[in-house]
Amino acid sequence: MPQHFHLNDYTIYTGDLRDTFPDWLRERGYVQVILVTDKNTHRHCLPVFLEKAGLPGTIPVIEIPAGEQHKNLDTCGLIWQGMLDIRLDRKALVVNLGGGVIGDMGGFCAATWKRGVDYVQAPTTLLAMTDAAIGGKLAIDFQGIKNTIGVFRNPAAVFVDPVFLQTLEKRELRSGLAEVLKHALIGDPELWRLCTAGFQVHGGSIHGLGSPWYLEASIAVKTRIVQEDPYEKGLRALLNYGHTVGHALESYFLESAEPLTHGEAVAIGMICETWLDAPEKAIGIAEMIFRVFSHRRIPESAFPELWNLMLQDKKNTAGQIRMAVPGEASFTMSILEPTPEKIKDSFLFYNSLTPNP
Ligand code: GLY
């Protein structure tokens with residue numbers, strides 16, 4: 001049974017869009033509706049979205065190039081230009097159909113267009129459904145540093161229809177699972193237990209992912225934290241668990257022949273950050289993570305650059321790296337301020353792990 005989650009002044013609807021979106025839109029009475037999407041999503045998701053949402057094929061669509069490398073001011077320029085060409089009214093609605101990049105950038109452009117027009121998040125990836133589309137954080141990358149320019153602004157609503165998960169490559173689905181596992185570790189031991197039982201890897205193909213039974217439990221954890229701390233004055237920092245190390249690894253490997261997905265990087269980040277706090281616990285978490293993710297050695301030559309990348313993190317103060325990891329009880333956290341040596345040891349720990357064949 002689909003659930004609806006109320007978050008401050010908006011609702012996150014899960015389940016078939018047909019049951020919620022058309023009525024919601026009618027009630028809101030927007031004078032104009034436009035869509036922001038990327039090339040891949042346009043092809044794979046837009047026809048399904050329009051049909052389910054009851055929107056005509058003539059609706060204006062702003063299409064941008066796909067990929068994190070385009071989450072920058074140049075692409076924002078394309079979106080704002082599209083808004084200008086359409087003569088986008090302040091009483092319009094912008095629907096962001098896509099993954100985390102579309103949600104972040106379409107939301108950022110909507111939030112700044114004429115000092116803000118309403119927007120809706122219609123996430124099509126697991127990562128966006130379980131994390132990025134919820135909570136009103138909107139940002140773009142600047143000079144290669146992730147999420148440096150941005151604002152907090154809540155969407156008018158979020159519509160999570162798992163139908164779009166069928167369009168994802170296994171690697172992308174797996175990437176989103178890192179955020180599901182993060183939410184389980186932060187606030188839902190039963191979800192963690194179910195994941196441990198449910199995710200099995202056999203010969204490279206993942207079983208246990210077909211029906212997204214983990215989606216709503218994961219959204220519930222995210223929603224509860226954002227509800228309590230919408231502007232990240234405290235507990236919301238815990239949602240960045242795994243991301244201090246993860247973002248640095250993601251940026252570092254972006255330049256390599258084989259970049260890591262966001263989730264792959266966060267999965268390594270959760271192992272390393274947990275090790276800094278509780279080495280025994282890190283072993284258990286790593287066991288679970290290797291059911292889903294493969295091992296990627298971190299070259300020792302990369303350690304200094306990774307430290308420098310971590311220094312860019314927004315949670316730091318006065319040049320000291322700060323990271324939040326889950327505490328003993330659900331929805332509690334410990335703040336760590338590791339030295340470069342400790343971080344290096346956590347990478348060496350990760351490198352020493354040998355996943356089960
Ligand atoms: N993705 C982290 C947050 O929403 O706070």
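Just follow the structure's listing: the first ligand is 1, and inside any ligand the first atom is 1. Small disclaimer: the values here were computed from a predicted structure and weren't measured.
- Test Leu50, Val120, Ile62 against Leu35 for side chain to side chain contact (heavy atoms under 4.5 Å, CB included) and you get one pass: Leu50.
- Both Leu239 and Phe5 belong to a common hydrophobic cluster when Ile, Leu, Val, Met, Phe, Trp and Tyr are linked at side-chain heavy-atom distances under 4.5 angstrom.
- For Asp131, a nitrogen or oxygen atom sits less than 3.5 Å from a nitrogen or oxygen atom of ligand 1, counting backbone and side chain alike.
- Using modelled atom types, no side-chain atom of Arg174 and backbone atom of Phe293 make a donor-acceptor pair closer than 3.5 Å.
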Exercise for the section: Carefully, step by step, assess Glu250 and Lys146 under the rule salt bridge (Lys or Arg N to Asp or Glu O under 4.0 Å). Expected result: CA-CA 10 Å; Glu250 196 182 351; Lys146 279 181 68 80; 3.6 Å; yes

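- Checking Leu239, Val266, Ile225 against atom 2 (C) of ligand 1, the nearest heavy atom belongs to Leu239.
- Using a 4.5 Å cut-off on side-chain heavy atoms (C-beta onward), Pro338 and Met323 make contact.
- Within ligand 1, counting atoms from 1 as listed, the ones closer than 4.0 Å to a heavy atom of Lys137 are 2 (C), 3 (C), 4 (O), 5 (O).
- Between Arg236 and ligand 1, at least one pair of N/O atoms sits closer than 3.5 Å.
- Residue Lys222 approaches ligand 1 through these ligand atoms, each under 4.0 Å from one of its heavy atoms: 1 (N), 2 (C), 3 (C), 4 (O).
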